Amino acid sequence: MDDADGAAAHSPDASALTIAVPAIPAGIGTARGRLDAWLRQHEVIGPLRCDVVLLADEAITNAVEHGHRHLDNGEVLVTVTVDAQRITITVADRGRWRPEQDDIGVTHGWGIPMMHALADRIEITSGDSGTTLTANFSRLG
């Protein structure tokens, strides 16, 4: 489901994209490609675009691997808004990610620390209805 120029909550001049990704590994690449193309259309270029796409790829991968590992089917909902000042991306699933741990690289990967390094702000909430990651990127120098 795409809403290529739908209303965004934080700015009347914002554009929004919503993608429902099947919670299977093949859905990750599809979402990544659609997000990258959409960001290009909205003049998000260079390292910022790469950072947003990389963070989205990792968040979607975590949602598929952890949020849906015990479910037969499902989807991951990706929402992105872009305006003149910021980019906000939200990735939501119906499961629970593993909590952050201190032994990075030993028992788990670098994904969550990498996402913190890429975005200006990141928040991960988890509850009975699933896990939601929200990341914000500034478009101002």
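Since we're looking at a predicted model, the values are computed, not measured.
- For V91 against A63, the heavy-atom pair with the smallest separation is CG1-CB, 4.3 Å.
- Interatomic distance, C50 SG to I45 CD1, rounded to the nearest 0.5 Å: 10.5 Å.
- A heavy-atom distance below 4.5 Å is found between the side chains of V78 and V21.
- With a 4.5 Å cut-off on side-chain heavy atoms, L55 and I89 count as touching.
- Note on residues 111-125: pairs passing salt bridge (charged side-chain N to carboxylate O under 4.0 Å, His left out), not counting sequence neighbours, are R121-E123.
- How far CD1 of I124 is from CG of L133: 5.0 Å, rounded to the nearest 0.5 Å.
- Contact record, G111 with E58: CA-OE2, 3.3 Å, taken as the closest heavy-atom pair.
- Remark: L48 pairs with V44, V52, I87, F137, R139 by the side chain to side chain contact (heavy atoms under 4.5 Å, CB included) rule, at least two apart or across chains.
- Two residues are said to be in side-chain contact when any heavy atoms from C-beta on lie closer than 4.5 Å; T131 and T125 fail this criterion.
- A distance of 11.5 Å separates CG of D93 from CD of E65, quoted to the nearest 0.5 Å.
- Expressed to the nearest 0.5 Å, how far CZ of R49 lies from CG of L35 amounts to 9.5 Å.
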Given the rule in the side-chain contact (heavy atoms from CB on, under 4.5 Å) test, do I112 and M114 qualify, once you have shown the distances and angles that lead to the verdict? CA-CA 5 Å; I112 292 174; M114 178 191 67; over 6 Å; no

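- Summarising the geometry of R94 relative to G74, their closest heavy-atom pair is NH2-CA, 3.9 Å, with the distance given to 0.1 Å.
- Residue pairs that meet the salt bridge (charged side-chain N to carboxylate O under 4.0 Å, His left out) test with at least one member in residues 21-32, sequence neighbours left out, are R32-D57.
- Within the 4.5 Å cutoff, side-chain heavy atoms of I19 are placed close to those of R34.
- Within the 4.5 Å cutoff, side-chain heavy atoms of R86 are placed close to those of T88.
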Apply the test side-chain contact (heavy atoms from CB on, under 4.5 Å) to residues V64 and I24: give CA-CA distance (whole Å), side-chain angles for both, the deciding distance (0.1 Å), then the verdict. CA-CA 6 Å; V64 169; I24 58 174; 5.5 Å; no

side-chain contact (heavy atoms from CB on, under 4.5 Å) evaluation trace for T134 with I122: CA-CA 6 Å; T134 302; I122 185 172; over 6 Å; no

